[in-house]
Amino acid sequence: MSSYPVTSKYLFKGPRLFFASVSLSICLNLAVILLVLFSSISVKANDDVHDNTTDVISNFDELGQGTLLFKQNNQYKRAAQLKIDVAMNITGMINRVSVIQSFSNTTDEWQEGVYVFPLPENAAVDHMRLRIGERIIEGQIKEKGAAKKIYQQAKKQGKRAALTEQERPNIFTTSVANIPPHETVKVEIEYQQFVNYDNGAFSLRFPMVVGPRYIPGKQRIQGFAGTGWALNTDQVPDAARVTPPVLQPGSKRQNKVTININLDAGLALEKVYSPYHDIELDKQADHYQIHLKQGSTLANRDFELIWQPNASDAPKAALFTEELNGETYALIMMVPPTVDKTETLSREIIYVIDTSGSMGGQSIIQARAALELALMRLKPGDRFNVIQFNSFTSQLFNQSELLTQTSLQQAQNYVRSLEAGGGTEMATALHAALANQTTSNGLRQVIFMTDGSIGNEQALFEIIQKELGHSRLFTIGIGSAPNSHFMGRAAKFGRGTHTHIGKIDEVQTRMQNLFEKIENPILKDINIDWSQINKQSQSISRNFESWPQKISDLYRGEPLLITAKADQLPNAINISGKVANKGWSSRLELNGGKNRHGISTLWARNKIAALMEQKRDAEFESIKQLIIDTALKHHLVSKFTSLVAVDVTPIRPQDKNLESHAIPTHLPAGWDHNKVFGRPFPATATDARLNLIIGILLLLLTTILILTRRHDSYV
């Protein structure tokens with residue numbers, strides 16, 4: 001203040017200086033007010049940290065994922081979690097899943113709970129039920145805006161209500177309104193999905209935690225549409241909806257999940273196992289009952305189940321069908337024959353490694369080990385480079401270097417020195433990896449290692465689509481809870497493939513599988529001839545649809561997987577493509593398939609996913625309406641449709657207030673809390689209003705600086 005005194009002599013320098021001085025005074029007064037507000041919030045936060053009461057808490061410590069957190073009298077009361085039960089029913093290549101989360105409102109107030117939870121990126125969510133006592137309220141599919149309006153109206157009227165919305169293909173939000181004091185609430189979500197089949201083994205992943213995400217861009221101060229710790233930005237306009245609060249390490253709160261699986265693979269199995277959780281098996285014929293050995297587990301890492309058939313029984317093709325409303329839906333799977341490598345081409349390989357804060361702890365150890373292994377696979381004649389990124393991007397060489405003993409040793413030393421810390425500015429790393437594509441000979445491969453903990457996926461997908469050139473992008477998901485939606489979609493747009501490494505013991509085997517894919521011929525330019533359908537009748541031709549319509553390249557061990565709808569399926573289809581620049585074709589008979597409920601749901605999910613990949617141009621409004629129509633017809637949650645359940649009878653008296661708050665989550669297993677947040681108390685638990693005050697304060701201080709500089713110029 002003393003550096004820029006406002007005295008009477010400046011008032012005689014002219015009207016502009018007078019108003020500048022007045023504005024300066026106002027800004028300084030506002031700054032003081034905001035500083036007082038900031039201090040009061042900070043003091044309150046510090047007081048809350050030391051609040052050791054057991055039933056009333058004022059911060060997010062000792063809370064966990066799946067815990068309803070209710071605001072009451074400026075404090076937060078915990079609604080005790082009873083349990084989270086996951087039940088899977090796997091038949092062949094289809095998995096039907098029920099997730100039941102049970103909560104109790106332990107307060108004396110009426111409450112609304114809002115919570116964010118992950119599901120598999122290919123989950124087709126088609127049912128939601130709200131269970132309060134003996135009442136069961138079935139969710140109905142509506143357009144997103146209409147569903148929100150119905151929910152808000154029911155909430156205001158005191159009716160029991162629930163709303164399930166999709167934020168990302170793998171992140172959902174459920175809101176529950178008007179939970180009576182001391183009552184238990186159960187929210188049941190049902191979804192259907194394909195199981196993965198690769199290299200002769202089936203697998204599935206069930207995510208349990210939404211990890212903290214890096215939110216780039218300029219903040220948009222336009223209200224608080226979500227309950228997360230981040231403000232919306234121009235790059236992540238829904239940031240407040242995908243950033244639930246995070247627990248501190250050592251929290252006494254432990255949120256447990258039970259998992260029970262009924263597995264009917266339809267063939268004899270050589271082994272069934274889970275790489276990250278201990279399980280017990282009860283085998284009866286070819287059926288397996290599977291559950292966690294300890295009964296339950298902490299909800300802080302992905303659950304994965306792998307089942308491998310005997311080599312002689314491994315399927316080469318499969319057909320599942322469903323008849324619905326006079327139409328036939330089909331799921332078709334075929335594994336192309338393996339073609340041995342015919343020649344070795346020189347390659348340019350760009351290794352990209354994420355060294356941001358979320359990669360701290362076990363993740364950076366796994367990533368370094370995987371990268372060192374990849375470097376050892378380089379062959380004479382290959383060119384390569386290593387790029388690392390966090391808040392900034394840097395690379396080992398100015399441009400790709402020829403493999404020599406010296407360049408390899410430099411790379412190994414460089415990789416061993418990498419440490420995790422800072423933000424996740426992935427866009428700059430993608431630009432760098434896809435730049436300098438001047439050579440047309442040989443193969444150019446980009447191997448991208450990250451946990452994918454970012455909020456601006458769409459912007460990154462657009463970079464890949466625009467700048468890919470003749471490169472191919474392969475993603476490796478690192479850690480206990482990688483962003484599988486980003487991994488799979490980035491690899492698809494990059495004409496590559498992806499894999500996951502969840503612990504150090506997996507580095508050797510999973511990297512070996514990836515090497516076999518990228519070092520062997522791929523099946524590309526795939527085309528499916530459905531011409532027999534068109535020969536049958538004009539009506540069949542009009543009603544026929546297959547998704548995806550553009551088939552991605554297939555790498556060694558990967559199956560062709562498509563869904564189709566028709567009045568009547570043809571007797572056979574012809575599949576063609578190129579392997580090692582040689583033509584390949586095969587005829588697949590469509591008979592003897594098994595009837596399975598839910599094939600129509602998977603077809604619709606495939607269609608919606610393919611349509612969402614369309615560029616967001618002037619024509620997207622018509623595509624959006626097609627997505628909405630498909631989702632409404634098949635009762636699916638999508639980006640533009642939600643499930644809403646409302647009890648017809650008001651239950652909350654109008655003179656009783658309704659309190660609301662969000663759900664905190666666990667930090668994914670193996671993450672280093674200090675690397676992510678940079679301090680013991682989680683930055684992600686900061687109230688968004690505090691961020692807003694800080695932003696306004698900085699804006700005012702900038703204004704003060706500008707005014708005082710102008711002020712001095714008049715002196």
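Hydrogens, waters and symmetry mates play no part in the numbers below; they use all other heavy atoms, side chains included.
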Less than 4.5 Å apart, any side-chain heavy atom of I387 and any of I353? no

CG of N325: more than 12 outside heavy atoms within 6.0 angstrom? no

Does a salt bridge link R556 with D198, judged by any charged N lying under 4.0 Å from a carboxylate O? no

Should the pair F202 and Y197 be assigned to parallel (<30°), tilted (30 to 60°) or perpendicular (>60°) ring geometry? tilted

Which pairs count as side-chain hydrogen bond (donor to acceptor under 3.5 Å, both in side chains) when at least one residue sits in residues 260-269, sequence neighbours excluded? N89-N262, N262-Q289, D264-H287

Stepwise side chain to side chain donor-acceptor pair (under 3.5 Å) check, Q549 with W547: CA-CA 5 Å; Q549 294 182 339; W547 298 94; over 6 Å; no

Sole candidate of F448, F515, Y555 that passes ring pair (Phe, Tyr, Trp, His ring centres under 6.0 Å) when paired with F474: Y555

For residues T563 and F194, determine if any side-chain heavy atom of one lies less than 4.5 Å from a side-chain heavy atom of the other. yes

Student check: side-chain heavy atoms of T475 and T450 closer than 4.5 Å: no

Flag the pair P169 / N122 as yes when at least one side-chain heavy-atom distance between them is below 4.5 Å, and no otherwise. no

For the residue pair W530 and F544, categorise the inter-ring angle as parallel (less than 30°), tilted (30 to 60°) or perpendicular (more than 60°). tilted

Checking salt bridge (Lys or Arg N to Asp or Glu O under 4.0 Å) against D553, which of R472, R495, K524 comes through? R472

If you draw a 6.0 Å radius around CD in Q399, do more than 12 non-hydrogen atoms from other residues or ligands fall strictly inside? no

Please find the pair of heavy atoms, one from F486 and one from L460, that lie closest to each other, and give the distance. CE1-CD1, 3.8 Å

Ignoring hydrogens and angles, tell me if any N or O in the side chain of K503 forms a donor-acceptor pair with the backbone of P275 under 3.5 Å. yes

Are there more than 12 heavy atoms of other residues, nucleotides or ligands under 6.0 Å from atom NZ of K578? no

Under the side-chain hydrogen bond (donor to acceptor under 3.5 Å, both in side chains) test against S400, which residue among R383, E348, R347 passes? E348

For a 4.5 angstrom cut-off between non-hydrogen side-chain atoms, does F320 reach M333? no

Residue pair N483 / R168, side-chain heavy-atom distance below 4.5 Å: no

Going by the side chain to side chain contact (heavy atoms under 4.5 Å, CB included) test, name the single residue among I599, I562, L319 that passes it with L331. I599

Ring centres under 6.0 angstrom apart (Y191, F172): no

Restricting to non-hydrogen atoms, name the atom on P315 and the atom on P309 that form the minimum distance, rounded to 0.1 Å. CD-CG, 4.3 Å

NZ or CZ of R301 within 45° of Y276 ring axis and under 6.0 Å: yes

